[in-house]
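Worksheet: one structure, shown below.
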2 protein chains.
Amino acid sequence: MDDLTEMLKGTLEGCVLEIIGSEETYGYAITRRLNDLGFADVIEGTVYTILLRLERNGLVQVTKRPSGVGPPRKFYELNEAGREELAKFWAKWQYVSSRIDRLKEGRG
Amino acid sequence: MDDLTEMLKGTLEGCVLEIIGSEETYGYAITRRLNDLGFADVIEGTVYTILLRLERNGLVQVTKRPSGVGPPRKFYELNEAGREELAKFWAKWQYVSSRIDRLKEGRG
DNA sequence: AGTGGTACTCGGTATCACACAGTACCGCTT
DNA sequence: AAGCGGTACTGTGTGATACCGAGTACCACT
């Protein structure tokens, strides 16, 4: 699938929140997870900017731990604000995607 | 529903293409249509920038006609390139939305 | 010593929706 | 006729976001 970047704007951050919410994890692994999900072109730089933003906005708790196979990892967990943001994201997604699907089906 | 602007990036243009594709229409009416669809905060300026972009990218054919209730209207129709772009948009949408839904359901 | 995989940072760019101000046509009321 | 509200398009500038590219650095293995 060719360039998805514009369509991912506003949703990729939510996807990262969801991934963190389901399991404490770190940037490099999140990138691989997104690639496996089908977002093959999402690269590390993009994910790290999102993670820094989440941290700056106080949605995550960060813990640095040694890795054993490379440099230390920064593990991310959602805090209460992060869980609220995630819930808001899915509400928005539900709202938007249902309306776009309706338009697509010609029932708009 | 609060601010949807980021989530609409990359999809709003596709929605406008779909609306034009289903019926020859003009900017002001497209805006009202989007508002009725549930995208209440989309304003005229936004739609007009999209329409100018579509025109610049050669995806539409434009016809100016007098209105009777105001200034003349610029009616938009999809040309062949526009129909191809619309098909590509829906393919992308299908691809992205199905994967995000899968992530949401925990089947990612 | 060199290579490749792992892991994070940072400055800059492009694109997009949006804000805002402006222009202009028309029917209606006062 | 003057003003108002609804209709309709244009153009400049802003902010948020994903992406790019280069750099730094740790570690295992050869």
* Structure fact -> To the nearest angstrom, the CD-P distance between B/E44 and D/dC9 comes to 9 Å

* Structure fact -> By nearest-heavy-atom nucleotide on DNA chain D, the more 5' of A/R56 and B/R32 is B/R32

* Could you pull out the closest heavy-atom pair between B/T31 and B/V42, with the gap in Å? => CG2-O, 3.8 Å

* **Salt-bridge contact A/E24-A/R65 (side-chain N to carboxylate O under 4.0 Å)** => yes

* Asked: Among C/dC18, D/dT17, C/dA7, which nucleotide sits nearest the side chain of A/E13?
  -> D/dT17

* Structure fact -> Which of C/dA7, D/dC9, C/dC18 is nearest the side chain of B/K74? It is D/dC9

* Structure fact -> From CG of B/D3 across to C1' of C/dA17 the rounded distance in Å is 10 Å

* Counting only heavy atoms not in A/N79, do more than 12 sit closer than 6.0 Å to its CG atom? -> yes

* Asked: If you check every side-chain atom of A/K9, which of D/dT17, D/dA8, C/dA17 has the closest atom?
  -> D/dT17

* Think A/R73 has a side-chain N or O under 4.0 angstrom from the OP1 or OP2 of C/dC8? -> no

* Nearest of D/dA8, D/dT10, D/dC19 to any side-chain atom of A/I43? -> D/dC19

* From the list D/dA8, C/dA7, C/dT9, which nucleotide is the closest neighbour of the side chain of A/S67? -> C/dA7

* Please check the phosphate of C/dC8 (OP1 and OP2 only) for any side-chain N or O of A/Y48 closer than 4.0 Å. => yes

* Asked: Side-chain N or O of A/R53 less than 4.0 angstrom from OP1 or OP2 on D/dA18?
  -> yes

* To do: Hey, which sits more toward the 5' end of DNA chain C by its nearest nucleotide, B/G68 or A/Y76?
  => A/Y76

* **Spacing between B/L52 atom CG and D/dA8 atom P, to the nearest angstrom** => 17 Å

* To do: Quick one: label A/P72 by what it contacts on the DNA or RNA (base, sugar-phosphate, nothing), any heavy atom closer than 4.0 Å.
  => sugar-phosphate

* Send over the distance from A/L54 CG to D/dA16 C1', rounded to a whole Å. => 14 Å

* Give a yes or no on whether the backbone of B/L4 and the side-chain of A/Y95 come within a donor-acceptor separation of less than 3.5 Å. => no

* **Length of the line joining A/R65:CZ and C/dA7:P, which is rounded to integer Å** => 13 Å

* Asked: What is the distance from CG of B/L4 to P of D/dA16, rounded to the nearest Å?
  -> 16 Å

* **A/T46 side-chain proximity, nearest of D/dA8, D/dA18, C/dA17** => D/dA18

* Structure fact -> Of the listed C/dT9, D/dT7, C/dC8, the closest approach to the B/P71 side chain comes from D/dT7

* Asked: Just wondering, are more than 12 heavy atoms of other shown residues or ligands nearer than 6.0 Å to CG in B/N35?
  -> yes

* Asked: Which part of the nucleic acid, if any, lies within contact of B/I50, taking any heavy atom under 4.0 Å across all strands shown: a base, the sugar-phosphate backbone alone, or nothing?
  -> sugar-phosphate

* To do: Let me know the distance between CD of B/E55 and C1' of D/dG11, rounded to the nearest Å.
  => 14 Å

* Would you mind telling me which of C/dT6, D/dC19, D/dC9 lies closest to the side-chain atoms of A/T49? => D/dC19

* Under 4.0 Å between a side-chain N/O of A/Y26 and OP1 or OP2 of C/dC8, yes or no? -> no

* Nucleotide C/dA24, atom C1' - distance to OH of B/Y28 in whole Å -> 14 Å

* Out of D/dT17, C/dA7, D/dT7, which has the shortest distance to the side chain of B/E6? -> D/dT17

* To do: State plainly whether one hydrophobic cluster holds both A/L52 and A/Y28, where clusters connect Ile, Leu, Val, Met, Phe, Trp and Tyr through side-chain heavy atoms under 4.5 angstrom apart.
  => no

